[in-house]
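This is a predicted model, so every value here is computed, not measured. Chain letters run A, B, ... following the sequence lines, proteins first, then strands; residues in each count from 1.
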2 protein chains.
Amino acid sequence: MPEPSPSPAETKPRRRAGRPVGSILDQAGITTAALSLVSKKGYDGLTMVALAKSLGVAPSALYNHVGSKDDVLKLVEEDLMSKVDSSVFQTLPWEEAVRAWAYSYRDIFSAHTPLISVIAVLPVTDAPQTLAMYEAVTEGFLRAGFPEDRIIPCIVALEAYIFGAAFDATAPADIFDSGKLAESTPHFTAAVQSLGPVNYPSDLAFRMGLDALIAGFGALRTA
Amino acid sequence: MPEPSPSPAETKPRRRAGRPVGSILDQAGITTAALSLVSKKGYDGLTMVALAKSLGVAPSALYNHVGSKDDVLKLVEEDLMSKVDSSVFQTLPWEEAVRAWAYSYRDIFSAHTPLISVIAVLPVTDAPQTLAMYEAVTEGFLRAGFPEDRIIPCIVALEAYIFGAAFDATAPADIFDSGKLAESTPHFTAAVQSLGPVNYPSDLAFRMGLDALIAGFGALRTA
DNA sequence: TTCATAAATGAATGGCATTCATTTTTATCT
DNA sequence: AGATAAAAATGAATGCCATTCATTTATGAA
């Protein structure tokens, strides 16, 4: 630090790199506290008051580190995105990589569906983990021989499907029980019953749709 | 309840059919008021206080007709479901019917994404309009020659895709702007730019994914 | 008219995110 | 070591929200 006395360029206070020494709170701590709160109490339990209490701090103290509760959700989202396995595109053939990536993506976010409405509309700017995932997936598509201008539409469609499927995965098993109105919907009721005792086929449906998307998109490769 | 008095079958108070004569409020009125409130102020503006005011009534009066705000959302959902065009399955060949139905479904719910988290998990019991839609779609699949036990998984997968796409449709155009981090994600950034001035291809993506699902599922027909 | 029931009222209640003036803590400079 | 300025934490508001409840009003049937 060759920092002489006169030095008008350096006006901001400095801090030793990587050491949040002077404060109880920082964004990383808030993120992990939010995640453990969600895993214990669900998204209804994720309130600024509860978050502050779990950190041993007054609620207003949080606002020195995040601008709003939405900021907290963005932090959680970034953390989750970093857990989606997009490394598979470096090791597996395209079809299998897409499949593994999609399952990983869906499994992670099916436990965090309240985030989906936030993510789906959230600009990717300043979201490094999210961008890193997109970069890895894009590279995988390029390597597999996709024309550059088809890659983003394919990813967008796959993501839409994954988000929708994440909701499905949390639905109750009897969601298709037609109850008293069964008589007026005979074909639908029969189709539901033909599935057997397990009436909600969210996993079968996910696999079938994913197969269709992979087959359809795979045909776009030029190489 | 042995009910000694004569006429034991008729215990509930009667009311002339179709005439909500004695009260200002009923569920139909609440539903249309909620819909017009949403269209004017969005889902943030849909509060019980605002809803009551738009009906010229005290907020607590609403609770004589609905159990909770979630009930209001269910009423709105049912109304929207009745607007999804599933009649196409009676007139068009299967591929075109699925396409038309899916576009109609997505277009309606892209203006009501806050409902999706409710719908996706909501049992279909006591939701006559929703059941009617499922019945029409199921009939369309049966007519097209699908094995009975494949129909529900296909519908579930299509719905997941439609719900996800409804979120996409509301995303800002610059959602994929990588900003300062563009240098660290060269392939993704290039792929986004190859799309041209319109950087968010939600319509192209929807069409491509829908084509893939229709092609993949269409192959399941046996007839 | 009488009476029971349904509907509407207005005043609570408790939870929520967020703000702000104030105090405390911390890091750096003299 | 002491002074100083910035960052961080505090506690007490604020305003909005869904929901409840005791009470009053309106309605239809007997």
_Are F141(B) and F217(B), when compared by the centres of their aromatic rings, separated by less than 6.0 Å?_
no
*Between dA18(D), dT18(C), dA9(D), which nucleotide has the shortest distance from any of its atoms to the side chain of L25(A)?*
dA9(D)
*Does OP1 or OP2 of dA9(D) have a side-chain N or O of H65(A) closer than 4.0 Å?*
yes
_Pairing donors with acceptors under 3.5 angstrom, does anything connect the side chains of Y134(B) and E139(B)?_
no
*asked:* Can you pull out the residues from residues 49-63 of chain A that lie within a 4.0 Å heavy-atom distance of DNA chain C?
replied: V49(A), S60(A), Y63(A)
*Tell me: CE of M48(A) to P of dT10(D), nearest whole Å?*
14 Å
*K69(A), nearest nucleotide to its side chain (from dT18(C), dA8(C), dT19(D))*: dT18(C)
*asked:* Filter on side chain to side chain donor-acceptor pair (under 3.5 Å), then keep only pairs touching residues 183-196 of chain B, sequence neighbours left out; what's left?
replied: E135(A)-H187(B), S178(B)-T189(B), T185(B)-T189(B)
*Any N or O donor-acceptor pair linking the side chain of N64(A) to the base of dA7(D) at under 3.5 Å?*
no
*When the aromatic ring centroids of F167(B) and F163(B) are compared, is their separation below 6.0 Å?*
no
*asked:* Going by salt bridge (Lys or Arg N to Asp or Glu O under 4.0 Å), name the pairs with one or both residues in residues 99-119 of chain B, residues two or more places apart or in two chains.
replied: R99(B)-D211(B), R106(B)-D203(B)
_Quiz question: by atom type and distance under 3.5 Å, do the side chains of S87(A) and D85(A) form a donor-acceptor pair?_
yes
